[in-house]
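Quick notes on the structure that follows.
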Number of protein chains: 2
Amino acid sequence: MAATLRDVARLAGVSTSTVSRALSLPDLVNPATRARVRSAADSLGYEPNKAARGLITGRTGNLGLVLPDLGNPFFPSVVKGVQARARAADVAVFVADTDEDVAAEMGLIRALAQQVDGLVLCSPRAEGDDLKAIAADTTVVLLNRLVDDLPAVVFDHEDGMRQAVAHLAALGHRRIAWVGGPAASWSSDQRGQGLSQASADHGVELIEVGHFPPHYDGGMAAADQVVATGATAVIAYNDLVAIGLLARLHARGIAVPERISVVGIDDIAMAAMARPALTTIRLPKEQAGRLAVELLLTLLDSPATTPERRTLQGDLMVRASTAEPPR
Amino acid sequence: MAATLRDVARLAGVSTSTVSRALSLPDLVNPATRARVRSAADSLGYEPNKAARGLITGRTGNLGLVLPDLGNPFFPSVVKGVQARARAADVAVFVADTDEDVAAEMGLIRALAQQVDGLVLCSPRAEGDDLKAIAADTTVVLLNRLVDDLPAVVFDHEDGMRQAVAHLAALGHRRIAWVGGPAASWSSDQRGQGLSQASADHGVELIEVGHFPPHYDGGMAAADQVVATGATAVIAYNDLVAIGLLARLHARGIAVPERISVVGIDDIAMAAMARPALTTIRLPKEQAGRLAVELLLTLLDSPATTPERRTLQGDLMVRASTAEPPR
DNA sequence: GCCGAGTGTGCAATCGGTTGCAAGCTGCTG
DNA sequence: CAGCAGCTTGCAACCGATTGCACACTCGGC
């Protein structure tokens with residue numbers, strides 16, 4: 001159906017090698033021939049077959065993105081960033097959603113690995129060693145996860161938590177609860193550590209109420225435990241959890257922010273729409289996606305490059321869910 | 001790096017053709033050899049190279065999904081359905097987000113088309129003729145769009161609107177506003193038509209307040225116009241728009257559902273979390289995604305099959321945003 | 001008029017599989 | 001025991017590109 005190199009060659013009256021060169025290494029061919037080839041290619045609507053090219057060059061021109069759950073709006077934002085940058089480089093993107101299934105994750109990663117030039121692994125839950133194994137034979141960039149010195153794009157969680165605690169401490173809170181995410185989540189870990197540090201610095205008491213699923217229901221489930229701690233403010237693993245907290249607190253008639261302040265992380269679109277509008281740490285999600293692809297492309301072009309790590313800052317968005325603690 | 005057919009052949013002491021057959025047409029080879037080949041393949045961790053296979057068979061084992069905006073939670077749900085079914089068939093999925101950009105859409109579709117066996121086009125905004133042109137040389141399944149007799153999975157919008165109107169009419173509403181989506185949206189069109197019909201049947205007055213962007217801000221923008229119509233109930237193009245309406249109405253101090261009832265469409269997760277929880281038409285999004293892939297795979301297996309069309313019913317989810325009109 | 005450098009092109013191998021065809025072997029029939 | 005069918009297996013062509021190498025030709029210098 002589609003025109004092949006041979007068709008173009010025949011039409012232009014040259015060999016296939018000349019056509020190939022005329023199109024990809026124009027300097028090597030005579031301007032006149034080059035023009036003839038080009039017009040032949042145009043008139044046939046020729047597009048090189050990626051599979052065939054990939055076979056010989058070893059480059060597929062594709063890239064893969066693996067993430068835990070598209071149902072969490074954080075991830076679609078990342079996808080958008082990844083796609084934007086990939087498109088600019090004329091690269092197509094495979095997307096795989098693991099459904100937060102740690103077991104399925106490695107399988108999906110491996111399946112994709114052999115079909116792409118490189119992978120962006122967003123918030124992977126797998127063991128560091130497994131990820132290193134993958135990175136050993138595929139170019140990989142981690143996003144929102146750090147494993148030794150694998151190339152990665154991460155958010156400065158420590159700084160983000162410092163901003164959140166500073167904000168709450170300034171309002172007068174002295175007892176803050178932390179609702180953690182999945183136990184296997186690197187970012188939950190980071191945030192927890194950042195919080196301990198920041199709380200200590202501000203002389204604020206931090207109470208960890210444990211690990212919860214990273215979505216609305218997790219927040220619903222955590223709310224009552226949070227209330228039981230007697231904390232006057234709570235920081236949630238992410239916005240979805242924070243919104244779940246909001247819902248359950250509302251249902252119990254506990255006023256936010258009058259009785260308790262709530263802080264989320266991510267700043268998904270829904271955060272601003274929540275009632276009360278959610279105070280949260282805005283993470284540059286799309287930018288992270290773009291940057292991850294950027295790193296990946298650089299690495300692919302010059303594999304010698306030392307793996308790079310980029311850290312992105314988040315910004316505290318103060319909205320209506322935080323206020324002074326009750327007296 | 002990765003093991004090839006040749007490596008397996010050498011290890012098993014047979015020719016490459018035998019290996020190929022042992023793995024894909026097991027009946028053709030002697031059970032003993034087959035076992036030897038299999039264990040050799042296993043021990044080498046052999047996985048056939050998709051590009052190479054695709055070159056000769058003409059099948060890539062990949063499929064593409066094009067959709068308008070991952071930022072709208074409706075679409076990630078569809079993606080999940082598509083991936084679930086594709087994964088079961090051991091097929092990888094390219095995902096492309098057009099950012100609601102009609103111009104970019106066709107470009108993306110064409111770029112993907114030459115790299116996949118088939119495409120699922122979800123809510124495409126392109127002209128019917130352009131879509132038919134694509135379908136002429138690629139296997140295509142439409143989702144939430146109908147163009148002549150191209151294979152498609154659609155929702156029964158007419159029925160959904162009937163349920164919504166019946167619900168509102170039963171509550172006593174006599175004047176209903178309709179906030180349409182993008183002008184290029186087939187589903188917006190369908191819903192509008194379904195509404196006219198249903199309103200007529202129920203002797204209810206329908207007021208169309210025009211076309212709005214299919215998200216939160218669209219709803220914010222539409223709210224005041226809705227109020228100005230004097231309607232006691234409003235049906236929005238989708239849940240995102242409905243939630244925008246809710247926000248603006250709240251800001252203006254117009255009580256929902258006391259002063260005005262609000263109905264959404266889709267039943268995205270956010271709908272149940274809204275305050276008040278949103279009455280909406282639940283569309284089986286994941287199922288639609290699965291079904292679209294199902295159709296696509298069938299079509300690919302036997303291109304002779306007459307293109308099929310599947311219609312899925314939505315269900316009215318009555319929540320807190322609808323009530324009797326003010327007296 | 002010959003040689004060397006430089007340019008432009010084609011030949012053929014290659015990537016990793018699949019598949020039509022033919023050949024070797026076994027075992028059965030007549 | 002010849003002959004034939006049926007089962008296994010290997011050879012080699014092929015899919016559509018890329019690329020190292022060699023050949024042909026031009027041009028300038030001596």
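Remember, predicted model here, so these are calculated numbers, not experimental data. Every heavy atom of this structure was used, including side-chain atoms; hydrogens, water molecules and symmetry mates were not.
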Apply side-chain hydrogen bond (donor to acceptor under 3.5 Å, both in side chains) to [X] and list each qualifying residue two or more places apart in sequence or on a separate chain.
{"X": "B:Q190", "value": "none"}
{"X": "B:S123", "value": "B:N144"}
{"X": "B:S187", "value": "B:S185, B:Y237"}
{"X": "B:R310", "value": "B:E308"}

>> D:dG10, OP1 or OP2 - any side-chain N/O from B:T18 closer than 4.0 Å?
In response: yes

> Looking at A:Y46, does any N or O in its side chain come under 4.0 Å of the phosphate oxygens OP1/OP2 on D:dG16?
Replying inline: no

> Got a sec? Which of residues 25-39 of chain B come in under 4.0 Å of DNA chain C, heavy atoms?
Replying inline: none

How long is the line joining [atom1] of [X] and [atom2] of [N], in whole Å?
{"X": "B:K50", "N": "C:dC15", "atom1": "NZ", "atom2": "C1'", "result": "18 Å"}
{"X": "B:L5", "N": "D:dC14", "atom1": "CG", "atom2": "P", "result": "19 Å"}
{"X": "B:N49", "N": "C:dT18", "atom1": "CG", "atom2": "P", "result": "10 Å"}
{"X": "A:R53", "N": "C:dG16", "atom1": "CZ", "atom2": "P", "result": "18 Å"}
{"X": "A:L55", "N": "D:dT19", "atom1": "CG", "atom2": "P", "result": "12 Å"}
{"X": "B:L23", "N": "C:dT19", "atom1": "CG", "atom2": "C1'", "result": "15 Å"}
{"X": "A:R59", "N": "C:dT14", "atom1": "CZ", "atom2": "C1'", "result": "19 Å"}
{"X": "B:I56", "N": "D:dG16", "atom1": "CD1", "atom2": "C1'", "result": "10 Å"}

If I compare all heavy atoms of [X] with all of [Y], which pair ends up nearest, and what's the gap?
{"X": "A:F94", "Y": "B:A92", "value": "CE2-CB, 3.5 Å"}
{"X": "B:V120", "Y": "B:A292", "value": "CG1-CB, 4.0 Å"}
{"X": "A:G128", "Y": "A:R145", "value": "N-NH2, 3.5 Å"}
{"X": "A:A86", "Y": "A:V93", "value": "CB-CG2, 3.5 Å"}

> Which pairs pass salt bridge (Lys or Arg N to Asp or Glu O under 4.0 Å) with one or both residues in residues 43-64 of chain A, sequence neighbours excluded?
Replying inline: A:R59-A:D117

> Looking at side-chain heavy atoms only, is the closest gap between B:V37 and B:V29 below 4.5 Å?
Replying inline: no

> Does B:F155 reach the side chain of B:T311, with side-chain heavy atoms less than 4.5 Å apart?
Replying inline: no

>> With salt bridge (Lys or Arg N to Asp or Glu O under 4.0 Å) as the criterion, how do B:K132 and B:D148 come out once you've worked through the C-alpha distance, each side chain's angles and the decisive distance to 0.1 Å?
In response: CA-CA 9 Å; B:K132 282 200 290 189; B:D148 292 0; 2.6 Å; yes

> Contact class for A:T57 (heavy atom, under 4.0 Å): base, sugar-phosphate, or nothing?
Replying inline: sugar-phosphate

>> Classify A:S20 by what it touches in the nucleic acid, base, sugar-phosphate, or nothing, heavy-atom distance under 4.0 Å.
In response: base

Expected rows: protein N/O vs nucleotides 20-25 of chain D N/O, under 3.5 Å:
{"unit_1": "D:dG20", "atom_1": "O6", "unit_2": "A:R21", "atom_2": "NH1", "d": "3.4"}

Detail all sub-3.5 Å separations between protein N/O atoms and N/O atoms belonging to nucleotides 25-27 of chain C.
none

> Hey, are B:N49 and A:Q115 close enough side-chain-wise for a donor-acceptor pair under 3.5 Å?
Replying inline: no

>> Using a strict heavy-atom distance below 4.0 Å, which residues from residues 112-119 of chain B are in contact with DNA chain D?
In response: none

> What is the bend of the helix from C:dG1-D:dC30 to C:dG30-D:dC1 when you compare the axis at one end with the axis at the other, using five pairs each and rounding to 10°?
Replying inline: 70°

Anything under 3.5 Å between a donor and an acceptor, one on a side chain of residues 16-27 of chain A, the other on a protein residue two or more places apart or in another chain? List them.
{"unit_1": "A:S17", "atom_1": "OG", "unit_2": "A:S15", "atom_2": "OG", "d": "3.1"}
{"unit_1": "A:T18", "atom_1": "OG1", "unit_2": "A:S15", "atom_2": "OG", "d": "3.3"}
{"unit_1": "A:S24", "atom_1": "OG", "unit_2": "A:S20", "atom_2": "O", "d": "2.7"}

>> Between B:R125 and B:E105, does any NZ, NE, NH1 or NH2 come within less than 4.0 Å of an OD or OE carboxylate oxygen?
In response: no

Under 3.5 Å, side-chain donor or acceptor atoms of residues 70-84 of chain B against the rest of the protein: list the pairs with distances, not counting sequence neighbours.
{"unit_1": "B:N72", "atom_1": "OD1", "unit_2": "B:F74", "atom_2": "N", "d": "3.0"}
{"unit_1": "B:S77", "atom_1": "OG", "unit_2": "B:P73", "atom_2": "O", "d": "3.4"}
{"unit_1": "B:K80", "atom_1": "NZ", "unit_2": "A:D69", "atom_2": "OD1", "d": "2.6"}
{"unit_1": "B:K80", "atom_1": "NZ", "unit_2": "A:D97", "atom_2": "OD2", "d": "3.4"}
{"unit_1": "B:K80", "atom_1": "NZ", "unit_2": "A:D99", "atom_2": "OD1", "d": "2.6"}
{"unit_1": "B:Q83", "atom_1": "OE1", "unit_2": "A:D97", "atom_2": "N", "d": "2.9"}
{"unit_1": "B:Q83", "atom_1": "OE1", "unit_2": "B:R87", "atom_2": "NH2", "d": "3.0"}
{"unit_1": "B:Q83", "atom_1": "NE2", "unit_2": "A:V95", "atom_2": "O", "d": "2.5"}

> Should A:K285 and A:D266 be marked as a salt bridge (Lys or Arg N to Asp or Glu O under 4.0 Å) after you check the CA-CA gap, both sets of side-chain angles, and the distance that decides it?
Replying inline: CA-CA 8 Å; A:K285 304 167 277 294; A:D266 285 353; over 6 Å; no

